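A note on names: the letters A, B, ... follow the listed sequences, proteins ahead of strands, and every chain is numbered from 1. On a predicted model such as this, the values are computed, not experimentally measured, just so you know.
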2 protein chains.
Amino acid sequence: MTQTDTKTRLLDAAESLFSQQGFANTSLRAITTAAKANLAAVNYHFGSKEALLRAVLERRLLPLNQQRSNRIDQVLTEAVMSEAIPGTEALVRAFVEPTFAFRRNSIGSSEFISIVGRAMTSADPAVRDLFLALIHPLINKLHLALCLALPHLPSKLIFTRLFFTMGAMGHCICLSGFSQMFKDNSDSNPEDDDFMTNNLINFVTAGLEAPC
Amino acid sequence: MTQTDTKTRLLDAAESLFSQQGFANTSLRAITTAAKANLAAVNYHFGSKEALLRAVLERRLLPLNQQRSNRIDQVLTEAVMSEAIPGTEALVRAFVEPTFAFRRNSIGSSEFISIVGRAMTSADPAVRDLFLALIHPLINKLHLALCLALPHLPSKLIFTRLFFTMGAMGHCICLSGFSQMFKDNSDSNPEDDDFMTNNLINFVTAGLEAPC
DNA sequence: AACCATTTAAAACGATCGTTTTAAATCTGT
DNA sequence: ACAGATTTAAAACGATCGTTTTAAATGGTT
């Protein structure tokens with residue numbers, strides 16, 4: 001390989017363009033041009049445009065989900081060791097913090113995360129179903145862990161609140177035009193990022209623990 | 001006019017198809033076929049596909065926003081009359097309840113609301129900017145009202161929490177595939193709807209009122 | 001009756017799309 | 001050096017897209 005893998009360059013370009021314009025609005029020609037690759041390269045390496053999207057999602061989401069899953073296990077283990085029930089905020093942190101830390105890792109990660117934030121509620125089944133299949137086991141694990149943390153609340157209610165949590169986080173993650181409504185200065189610094197993360201954790205923890 | 005306005009039938013068909021497939025994935029041919037109108041009818045009545053989207057959004061969002069705005073004013077007036085600060089939950093209800101009530105009005109309304117839920121975070125600027133321009137004044141009013149309700153919290157924090165609130169509500173509103181992860185039975189009844197609405201209000205009220 | 005807005009029909013415009021094909025060139029590992 | 005995988009180039013495939021045009025038909029109003 002000369003510089004970087006063509007396959008990697010295609011993934012990077014697709015990731016960036018999907019996050020900026022969405023899946024349906026991004027053509028293979030735009031992707032291959034940005035990746036300085038041949039038009040046929042996508043179908044050669046991945047088979048189809050949809051398979052490229054799957055590869056883009058899996059490349060980063062599988063490790064991230066593994067990380068989040070490990071941290072949930074860690075909270076549960078610590079709870080067992082100390083013979084206590086797991087804390088709601090600790091579980092929320094286990095889920096949220098890796099996501100935002102991951103986002104700061106690189107520019108590519110940041111762009112990727114905004115794809116994920118939108119995929120959840122995408123009107124396009126090709127996008128939505130792909131994401132839901134990747135996140136489904138993790139959500140189930142988090143749901144069960146939250147049931148342990150909030151034993152006085154019914155399972156169904158906890159799932160509904162988890163549903164709201166995902167909405168708040170997904171919205172936060174893809175930084176819609178909403179945030180520009182408040183602040184004129186559009187450049188975001190790490191401080192704002194920490195501010196967002198901590199406030200999100202406070203917000204959803206309070207919502208999850210609210211009296212029934 | 002024979003039965004219903006062609007213009008109205010086009011709006012109804014576009015509303016339904018946009019909510020099911022998204023804006024980019026819906027062709028004018030699909031819309032005009034569903035509306036039993038001529039292909040040229042869209043460009044005759046509205047000028048372009050994007051202008052049709054604007055008309056679809058404005059038809060229902062302008063009255064809905066007026067309704068939400070009136071209810072916020074009502075809460076603020078009552079607070080002044082009783083020489084108290086407005087309640088957070090009352091303001092949340094003023095914003096959320098008309099939305100869900102509106103959704104139950106008709107099948108068309110339900111489909112429309114899911115367009116709105118997605119528009120907020122859409123990758124397509126044509127969709128997102130259109131929605132943000134329509135909602136901007138209402139969000140500012142709600143933000144100011146919440147600052148009165150939560151005088152001990154800084155304005156910036158309240159806006160961030162309002163941001164999360166919009167995310168939770170938007171996610172809830174377009175009922176993504178998420179809800180199908182929990183329940184096998186997919187038909188939703190009014191009870192589930194009330195359950196969702198009340199839990200959403202509890203959730204975001206607790207989040208907004210959380211200690212700093 | 002005449003007028004004007006509305007609607008239909010059908011066809012075509014140029015453009016873009018995902019995908020496939022063909023062929024030659026380049027690189028990689030043994 | 002040879003074989004096989006990778007990459008490039010260029011062109012074409014059929015399909016769909018938003019939009020425009022032309023013409024004829026229909027409708028209601030004055």
Visitor: Can you tell me if Q74(A) and N70(A) form a side-chain donor-acceptor pair at under 3.5 Å?
Guide: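 Per modelled atom types, Q74(A) and N70(A) side chains form no pair under 3.5 Å.
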
Visitor: Report yes if at least one side-chain N or O of H45(B) is closer than 4.0 Å to OP1 or OP2 of dA5(C); otherwise report no.
Guide: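 No, outside the criterion.
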
Visitor: When the distance from OH of Y44(A) to C1' of dT20(C) is rounded to whole Å, what number comes out?
Guide: 15 Å

Visitor: Taking atom C1' of dG18(D) as reference, at what distance in whole Å does atom NZ of K49(B) sit?
Guide: 8 Å

Visitor: I want to verify a distance call: between dT8(D), dG18(D), dA11(C), whose nearest atom is closest to the R9(A) side chain?
Guide: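 Selected nucleotide (nearest to the side chain): dT8(D).
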
Visitor: Counting side-chain heavy atoms from C-beta on, which of dG18(C), dT19(C), dA9(C) comes nearest to N38(B)?
Guide: dA9(C)

Visitor: If only side-chain N and O atoms of T6(B) are considered, is one of them under 4.0 Å from the OP1 or OP2 phosphate oxygen of dT7(C)?
Guide: yes

Visitor: Anything under 30° is parallel, anything over 60° is perpendicular, the rest tilted; go ahead and classify F112(A) against F102(A).
Guide: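 Taking F102(A) first and then F112(A), their aromatic rings stand perpendicular (interplane angle over 60°).
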
Visitor: Using a 4.0 Å heavy-atom cut-off, does A40(A) contact any base of the nucleic acid, only the sugar-phosphate backbone, or nothing at all?
Guide: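 Base contact - A40(A) has a heavy atom under 4.0 Å of at least one base atom.
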
Visitor: Could you please name the option among dT19(D), dT19(C), dC17(C) that lies closest to any side-chain atom of R29(B)?
Guide: dT19(D)

Visitor: I want to verify a distance call: between dT7(C), dT20(D), dC17(C), whose nearest atom is closest to the D5(B) side chain?
Guide: dT7(C)

Visitor: Is the phosphate of dC17(D), meaning OP1 or OP2, less than 4.0 Å from a side-chain N or O of S27(B)?
Guide: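 For dC17(D), OP1 or OP2 has a side-chain N or O of S27(B) closer than 4.0 Å.
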
Visitor: Applying a 4.0 Å non-hydrogen cut-off, can you work out what T26(A) is touching in the nucleic acid: base, sugar-phosphate, or nothing?
Guide: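 Contact class for T26(A): sugar-phosphate only.
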
Visitor: Answer yes or no: is there a side-chain heavy-atom contact under 4.5 Å between N199(B) and F164(A)?
Guide: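 N199(B) vs F164(A): side chains touch.
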
Visitor: Check this for me: R54(B), atom CZ, are more than 12 non-hydrogen atoms of other residues, nucleotides or ligands nearer than 6.0 Å?
Guide: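 Incorrect, the count does not exceed 12.
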
